[in-house]
There are 2 protein chains.
Amino acid sequence: MNAPRLLLVEDDPALAELLEFRFRQQGYAVTVTPDGDEALLLAAEEAPDLVVLDWMIEGTSGLEVCRRLRKGKATAHVPIVMLTARGAEDDKIRGLETGADDYVTKPFSPRELIARVGAIMRRIRPALAGEVVEVGDLSLDATAHKVTRRGQTIVLGPTEFRLLKHFMEHPGRVFSRGQLLDAVWGSESEIELRTVDVHIRRLRKGIEVDGATDPVRTVRSAGYALEAV
Amino acid sequence: MNAPRLLLVEDDPALAELLEFRFRQQGYAVTVTPDGDEALLLAAEEAPDLVVLDWMIEGTSGLEVCRRLRKGKATAHVPIVMLTARGAEDDKIRGLETGADDYVTKPFSPRELIARVGAIMRRIRPALAGEVVEVGDLSLDATAHKVTRRGQTIVLGPTEFRLLKHFMEHPGRVFSRGQLLDAVWGSESEIELRTVDVHIRRLRKGIEVDGATDPVRTVRSAGYALEAV
DNA sequence: AGGTTTTGTGACACATTCGTGACTGTCTGT
DNA sequence: ACAGACAGTCACGAATGTGTCACAAAACCT
């Protein structure tokens with residue numbers, strides 16, 4: 001239950017629905033909003049793995065949303081794919097300058113967009129494509145389902161593995177117990193919040209090696225975060 | 001909680017009710033008044049984060065309210081969004097000169113107004129969008145729940161953290177003890193006013209580093225403020 | 001200066017939150 | 001059916017934070 005999360009900012013309801021459907025088919029967890037301002041909030045709250053951003057939207061313009069995403073610490077490195085009207089060369093240039101990673105010109109086939117998104121996802125977020133993520137002295141290989149720390153191989157249970165993976169995809173960020181349940185267990189799970197504590201403990205115990213400090217930080221009355229040590 | 005506070009000055013009851021409802025939906029704490037004079041009082045008392053101000057209202061005119069808000073020390077930099085009748089170009093110009101931050105022309109869709117308000121709110125309170133806020137030598141990262149001063153990491157209790165966050169979102173501004181209780185503890189809390197003093201002390205002690213001066217200013221018989229040193 | 005109001009501070013009892021070990025139930029493969 | 005791994009829950013103690021008070025110190029006002 002660790003689908004890549006995608007935030008779709010599109011104010012044409014028909015197009016939004018179509019794309020949402022197709023992306024879900026591809027295994028993405030999709031959040032849709034027609035509004036630029038809401039997009040910024042959602043991006044900060046939900047920590048999506050990728051943003052698909054229409055240029056012409058209500059509220060704050062696509063350009064501005066893009067710029068602000070880049071400025072926000074938590075969202076600075078989230079890849080952005082822009083959707084531009086045909087021939088708006090100017091937008092493309094300004095978009096790429098502002099930090100968009102790719103653009104698709106309307107009209108486009110959903111298949112094309114999905115392909116581009118897939119490509120970027122693979123390029124930018126190696127863990128999702130099965131390559132290796134490293135945070136501090138930890139290293140996680142999603143395909144091989146393997147974790148190493150200072151060269152030592154570490155074995156984790158499935159839940160601990162997903163938990164660590166989620167942390168490593170957002171290093172330094174504090175997640176509430178509820179957010180962790182959503183991200184690691186799935187959003188409809190009805191699990192006791194305190195259960196997260198137990199798995200955190202198991203994760204801590206699991207990644208313990210000789211004289212290394214615990215990279216999992218407890219933030220009292222807020223949640224947990226993984227520190228890059 | 002820490003909901004952004006909004007003061008709505010609008011004398012058309014139907015519109016006022018609609019907007020109040022929509023803003024509440026968006027998570028704002030809304031206060032409504034149809035009257036310009038009362039608006040000035042409320043602005044001083046409740047320290048809203050933003051004022052939505054209709055141009056044609058009872059009592060003191062919108063223009064005058066705007067001017068007085070700017071003149072009032074506590075309310076000088078509260079962002080103001082004006083609502084003007086269509087085509088009253090003159091009003092717009094005078095409004096912006098007087099210090100309004102944005103204007104919306106009637107008739108408008110609630111969505112548009114909400115989007116504008118959201119944009120301004122995010123500009124004013126960047127921590128809401130997950131950005132790092134800096135004031136003087138202090139730096140606060142809401143996402144990572146981390147505070148630094150001159151490079152040194154600082155650990156704060158939950159309440160001190162929220163208190164500092166609130167101060168850093170409104171640097172230089174003086175808050176009464178009651179306002180701080182509303183903003184940091186939540187508006188229904190029934191806490192002793194003097195308790196704020198104690199937390200101010202704990203915050204001061206917490207952010208103390210070697211030879212740096214105390215950025216928390218006591219304003220006798222008024223409250224506290226965070227100074228940008 | 002003397003009296004009054006307001007703020008700083010240390011102490012303390014109480015609450016909340018977190019870590020931890022133990023327990024049960026489920027599922028899998030043999 | 002059995003063993004073993006794993007997940008979820010609970011209860012208890014430890015650690016930490018919270019709100020209030022009483023008194024000291026400081027600021028203010030005649």
Side-chain angles (χ1 to χ4, degrees), chain A residues 1-2 145-147 153-167 174-208 213-227, chain B residues 1-2 145-147 153-167 174-208 213-227:
Chain A
M1 215 54 49
N2 198 353
H145 243 255
K146 256 188 175 172
V147 180
T153 300
I154 293 202
V155 277
L156 294 175
T159 309
E160 281 79 69
F161 184 85
R162 290 203 306 277
L163 187 56
L164 178 61
K165 182 167 166 235
H166 184 254
F167 274 130
V174 176
F175 294 97
S176 71
R177 292 176 175 74
Q179 288 174 324
L180 289 173
L181 280 182
D182 280 4
V184 177
W185 277 259
S187 45
E188 324 86 357
S189 72
E190 299 198 355
I191 306 282
E192 214 45 56
L193 282 179
R194 290 297 311 272
T195 299
V196 174
D197 297 32
V198 179
H199 283 276
I200 288 282
R201 176 178 154 280
R202 288 170 182 162
L203 173 59
R204 276 178 167 147
K205 186 154 270 183
I207 61 178
E208 208 169 56
T213 57
D214 178 12
V216 180
R217 179 167 60 110
T218 304
V219 182
R220 192 166 227 256
S221 78
Y224 298 95
L226 182 72
E227 296 293 288
Chain B
M1 227 51 75
N2 200 353
H145 249 258
K146 258 190 171 167
V147 180
T153 300
I154 297 216
V155 278
L156 294 175
T159 309
E160 283 81 46
F161 184 85
R162 291 202 305 276
L163 187 55
L164 178 62
K165 181 168 165 233
H166 184 253
F167 274 129
V174 179
F175 294 96
S176 72
R177 292 176 175 73
Q179 290 174 332
L180 289 173
L181 280 182
D182 280 5
V184 177
W185 277 259
S187 43
E188 330 84 357
S189 72
E190 300 197 355
I191 306 281
E192 209 53 49
L193 280 180
R194 290 298 312 274
T195 300
V196 174
D197 296 31
V198 179
H199 282 276
I200 288 282
R201 175 179 152 278
R202 286 169 183 163
L203 174 59
R204 278 177 165 148
K205 184 155 272 181
I207 61 178
E208 210 168 54
T213 57
D214 177 11
V216 180
R217 182 167 56 107
T218 304
V219 183
R220 187 162 231 259
S221 75
Y224 298 94
L226 182 72
E227 296 293 290

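Naming convention: chains lettered A, B, ... in sequence-line order (proteins, then strands); numbering from 1 in each chain.
Atom NE2 of A/His199 is separated from atom C1' of D/dC6 by 8 Å (rounded to the nearest Å). In this structure, B/Leu193 atom CG and D/dG19 atom P are separated by 13 Å, rounded to whole Å. Regarding A/Phe161, its CZ atom lies at a distance of 16 Å from the C1' atom of D/dC6, rounded to whole Å. Atom pair A/Arg162:CZ and D/dA7:P shows a separation of 8 Å (rounding to whole Å applied). Nucleotide D/dC6 holds its C1' atom 13 Å from the CD1 atom of A/Ile191, rounded to whole Å.
Contact annotation: A/Trp185 side-chain N/O to D/dA7 OP1/OP2 distance is not under 4.0 Å. Applying the 4.0 Å criterion to OP1 and OP2 of D/dA7, one finds that A/Thr159 has a side-chain N or O inside that range.
Taking the six-membered ring for Trp, A/His166 and A/Trp185 have ring centres at least 6.0 Å apart.
Two end axes, each from the C1' atoms of five base pairs, can be drawn for the helix from C/dA1-D/dT30 to C/dT30-D/dA1; they diverge by 30°, to 10 degrees.
Side-chain contact check for B/Val155 versus B/Phe161: every heavy-atom pair is 4.5 Å or farther apart. Using a 4.5 Å heavy-atom threshold, the side chains of B/Thr195 and B/Leu193 count as separate. Taking 4.5 Å as the limit, some side-chain heavy atom of B/Lys146 sits within range of a side-chain heavy atom of A/Glu227.
Taken from CZ in A/Arg202 to NE2 in A/His199, the straight-line distance is 5.0 Å, to the nearest 0.5 Å.
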Task: Annotated protein contacts, base or backbone, on nucleotides 9-20 of chain C with a non-hydrogen cut-off under 4.0 Å, one of B, S, - each - done: BSB----BBBBB

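In this structure, A/Arg217 contributes its side chain and A/Tyr224 its backbone to no donor-acceptor pair below 3.5 Å. Of the possible donor and acceptor atoms, one in the side chain of A/Arg204 sits under 3.5 Å from a partner among the backbone N and O of A/Val216.
In summary, the side chains of B/Arg162 and A/Ser221 do not present any donor paired with an acceptor at a separation below 3.5 Å, with no hydrogens or angles considered.
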